Participant: 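Supplied in structure tokens, the structure appears directly below.
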Amino acid sequence: MTDPVELMLPPQPEFVGTARIFAAAIGRHFGVDEEVVADLKVAISEACTGAIWAHNQEGIADPIVIRVFPDLPSLNVEVESKAGQAPAEGVEWEPVTPSDTFHPLLGGGLIRTLFPDAEFIENGGLTVRFSVPR
Amino acid sequence: MTDPVELMLPPQPEFVGTARIFAAAIGRHFGVDEEVVADLKVAISEACTGAIWAHNQEGIADPIVIRVFPDLPSLNVEVESKAGQAPAEGVEWEPVTPSDTFHPLLGGGLIRTLFPDAEFIENGGLTVRFSVPR
Amino acid sequence: MSDFSVDARSDGDWVVVTAAGDIDVYTAPRLKRALTEEIDRGHHHIVLDMTKVRFMDSTGLAVMVGGLKKVKAKKGTLELVGPNDQIRRILTITDLVKILPVHDSVEDACRGKTT
Amino acid sequence: MSDFSVDARSDGDWVVVTAAGDIDVYTAPRLKRALTEEIDRGHHHIVLDMTKVRFMDSTGLAVMVGGLKKVKAKKGTLELVGPNDQIRRILTITDLVKILPVHDSVEDACRGKTT
Ligand SMILES: Nc1ncnc2c1ncn2[C@@H]1O[C@H](COP(=O)(O)OP(=O)(O)O)[C@@H](O)[C@H]1O
Ligand SMILES: Nc1ncnc2c1ncn2[C@@H]1O[C@H](COP(=O)(O)OP(=O)(O)O)[C@@H](O)[C@H]1O
């Protein structure tokens, strides 16, 4: 794989916008179509939101790392965090009556729908990985 | 110091724009005035340019790391690379007849003028450090 | 980061809530609070003007589903105005378009409401 | 990243070079090439329209100083139009304003040139 461009963020809600601005800039730079850039912003936002939520639940403060590998024919994107669990298999999107502003299932399902090759790897934390056509 | 927000880039010219977009977003997020954001973009651009140039000269490919520590009353900004040398002391800006598009002195002098507390630390590479009032 | 503002104008039991900027994990709680306040004030017909929202993710969907449940319990409504393509896309993917009517303008949305 | 474009319209021995976007280590070589080409074609009076340049750093300054040297060797000129505040600031800090005249519009710059 190629050298990644990497963004590291504290697991706090205020940084999710930084993650999107980064993803959009990198996506465009590598020639990702504008509609796919829009999907990429959503997927990155969801992955970070899930990670922030999990860090908060588990009371840990390790950073979230976003890596973009400028591979061909697709960028490989990875959001790695030290907290979190893979959404159950088969769950596409479940409009669970969310009691609060976030339910981790929503985000995972959206990522899977937008990027069908998305993988959720539990490795003492959670790494979300998907590829983005360019 | 607080937990940093960090961006890691391959030492290639095409990523200097990513560095600026990152710096601008983070600066604004932490309440840096718009004029100072403009200076921050210049300083980050200069530090990365110097690092890219030095990596290229020395033929090494280690990433450039930009860290922003959201401290008070100033953000602490750090651009760390595995290549490069501190500009000579006292050099403010020298309109050396540049033979090419970049002369490392220009950038270092500009950073010093924009952020007078800028430090250039040689540590088997070069770390440029300065603080940005917020 | 994630610029966001929210603002409401009410008339009888209905209200136009205007959101602007990004709706995400950082800002969704503010949208939620705004909707809850309006509902608590007895405004059970909510028109959410999203014309100026540039980004929304599932945190915003969750707020809307939550708001919809509350207004429905009072026989009210929650309708959307002017979501951009990105937002329409996630409303469609999640099938929420089926329960959250989408209008092109506040006038269109209110027309339905006042008749 | 770093969107950039450059374009030239010439008339006799003078030329208006219009740059747009970001001038940095990635794009400055393209500006340099454009200026060099014009000079090689005998256009020794260059008006560089920067109205649409949103960012420039020292790599751009170096290109300008290089260009200025080349046109001066031919008794030519290099003048700037419409740099934004950020660019004016670095031109001032580096004292380059003293050798690179700045105009508000291409008309102003050309007026000086054609008389
Ligand atoms: N300071 C900021 N400026 C621009 N975008 C930001 C900022 N902070 C967070 N963002 C988010 O990053 C995304 C960048 O996406 P992009 O497509 O480049 O911009 P836009 O949506 O404004 O066209 C925005 O949609 C927004 O959600
Ligand atoms: N895709 C991009 N979108 C926006 N800015 C970019 C992009 N790539 C690189 N940049 C650089 O990042 C800087 C971001 O600065 P900012 O002040 O947020 O935007 P602007 O200068 O457009 O108002 C820009 O000045 C530009 O030099």
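This one's a predicted model, so the numbers in the text were calculated from it and none came from an experiment.
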Participant: Partners of B:F115 by ring-ring contact (aromatic ring centres under 6.0 Å, His included), sequence neighbours excluded?
Facilitator: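 Scan of B:F115 (ring-ring contact (aromatic ring centres under 6.0 Å, His included), adjacent residues dropped) gives B:F130.
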Participant: Would you compute the distance between atom CG of B:L7 and atom CD1 of A:I26 and round it to the nearest 0.5 angstrom?
Facilitator: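 Reported value, rounded in 0.5 Å steps: 7.5 Å.
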Participant: Hey, what donor-acceptor pairs show up under 3.5 Å between chain A and chain B?
Facilitator:
| unit_1 | atom_1 | unit_2 | atom_2 | d |
| --- | --- | --- | --- | --- |
| A:E6 | N | B:M8 | O | 2.8 |
| A:E6 | O | B:M8 | N | 2.7 |
| A:M8 | N | B:E6 | O | 2.6 |
| A:M8 | O | B:E6 | N | 2.8 |

Participant: With only heavy atoms counted, which part of A:P4 is less than 4.5 Å from chain B, the side chain, the backbone, both or neither?
Facilitator: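 Looking at A:P4, just its backbone touches chain B.
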